[in-house]
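Worksheet: the structure to be examined is printed underneath.
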Number of protein chains: 2
Amino acid sequence: MERTTRQRSAIRAVIDAASRPLSPQEVLEAARAEVSGLGIATVYRNLKLLVDEGSIQAVALPGDSPRYEPTHLAHHHHFQCRSCQRVFDVHGCPGDLARLAPAGFAVDGHELTLYGRCAECMAAQG
Amino acid sequence: MERTTRQRSAIRAVIDAASRPLSPQEVLEAARAEVSGLGIATVYRNLKLLVDEGSIQAVALPGDSPRYEPTHLAHHHHFQCRSCQRVFDVHGCPGDLARLAPAGFAVDGHELTLYGRCAECMAAQG
DNA sequence: ATAGATGCAAAGAGTTTGCATAGGT
DNA sequence: ACCTATGCAAACTCTTTGCATCTAT
């Protein structure tokens, strides 16, 4: 039986409160505000556990480590800022992507990642 | 000045001859047919060098290590088989993706990866 | 002969795992 | 009290780097 620990609650709360998908490191830093001695191994273990139980999901990114976000209802994609590396949700989807695949290939999903500058970095005009 | 070595030639040849983007490990295995003592460090060093000089390009994939392919002229995307993990080129692009980004965000590029079963794995009905 | 390239092994970075202990239930 | 969860450190995997040696020019 799975237990409710301060660490697990903090990790879940941080992800639920975030407005964007977080990296394990971001989760660690944010959750340490609540549980100061929190270790990275605990973060990884809980991310895996929360993914398995379905309350959060991993966001795989091209060439970067995964981010984690609450399980959403709607299909959506992501935007990664080339300046601060943070990832944001993007709503909407071009749709009908299966037609792009070569003949004989079965498509059952896709990942779309947009790149550029987030509003904050644009304002800071880095 | 950059030299022409058996290792470098073999690595370049393997990538040019492939019909799909190859992982460093795939490059190593294929190039060893030509240069038996080839080391993985040499593969990595040459991949970086070839990317820098522009003759090949890295294909970043969500949650997987990069693959390498010759520099193509046309913008295209990729398909990764969930069964054999191999990556294939996909021609075409849904286009007009910048509109999906939140207001204030500047989009300057994108990556699209399709997932499913490649023709070969479909035939093997794994 | 010179200086870039290679192979090996060690070093890094990120993630996972083993183990003794802390702490939910 | 029992047994899961934690923190630390070691182990792992993938990639990069240091160094002595090899080799293209």
Problem set entry | Which nucleotide in C:dG7, C:dA5, D:dT6 has an atom nearest any side-chain atom of B:Thr5 |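 Closest nucleotide to the B:Thr5 side chain: C:dA5.
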For this session: Determine the interplanar angle of the B:Phe79 and A:Phe105 rings, folded into 0 to 90°, and report it as parallel if under 30°, tilted if 30 to 60°, perpendicular if over 60°.
Result: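 Geometry flag for A:Phe105 against B:Phe79: perpendicular rings.
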For this session: Can you label the angle between the B:His110 ring and the B:His75 ring as parallel, tilted or perpendicular, going by 30° and 60°?
Result: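 Correct class here is perpendicular.
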Between [X] ([atom1]) and [N] ([atom2]), how many Å, whole number?
X	N	atom1	atom2	answer
B:Glu53	C:dA5	CD	P	10 Å
B:Gln7	C:dG4	CD	P	17 Å
A:Arg8	C:dG23	CZ	P	15 Å
A:Arg6	D:dG7	CZ	C1'	12 Å
A:Arg32	D:dG7	CZ	P	9 Å
B:Leu49	C:dA5	CG	P	7 Å
B:Leu47	D:dC14	CG	C1'	13 Å
B:Tyr68	D:dC14	OH	P	14 Å

Smallest separation among heavy atoms of [X] and [Y], with atom names:
X	Y	answer
B:Ile40	B:Pro24	CD1-O, 4.3 Å
A:Pro21	A:Arg67	CB-CB, 3.5 Å
A:Glu34	A:Arg6	O-NH1, 4.4 Å

Exercise. For A:Asp16, what residues pass the side chain to side chain donor-acceptor pair (under 3.5 Å) criterion, not counting sequence neighbours?
Worked result: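 Expected list: none.
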For this session: Can you sort out the partners of A:Arg82 under side chain to side chain donor-acceptor pair (under 3.5 Å), two or more places apart, ordered by chain and number?
Result: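 For A:Arg82 the side chain to side chain donor-acceptor pair (under 3.5 Å) partners, ignoring immediate neighbours, are B:Asp108.
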Problem set entry | Phosphate OP1/OP2 of C:dG14: any A:Ser65 side-chain N/O under 4.0 Å |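 For A:Ser65, the contact criterion (side-chain N or O under 4.0 Å from OP1 or OP2 of C:dG14) is not met.
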Problem set entry | Residue mapping more 5' on DNA chain C - nearest nucleotide basis, B:Leu38 or B:Met1 |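 Checking each residue's closest nucleotide, the 5'-ward one belongs to B:Met1.
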Exercise. More 5' along DNA chain C: A:Gln25 or B:Val35, using each one's nearest nucleotide?
Worked result: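 Taking each residue's closest nucleotide, the earlier one in sequence belongs to B:Val35.
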Exercise. Any donor-acceptor pair under 3.5 Å joining the side chain of B:Arg3 to the base of C:dA3?
Worked result: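 By the distance-only test, yes, there is a pair.
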Strictly under 3.5 Å: I want the nitrogen or oxygen pairs between protein and nucleotides 17-21 of chain C, one per line.
residue, atom, partner, partner atom, Å
C:dG18, O6, A:Arg45, NH1, 3.2

For this session: Looking at every strand, decide which applies to B:Glu2 at a 4.0 Å heavy-atom threshold: base, sugar-phosphate, or nothing.
Result: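 Counting heavy atoms under 4.0 Å across all strands, the contact made by B:Glu2 is with sugar-phosphate only.
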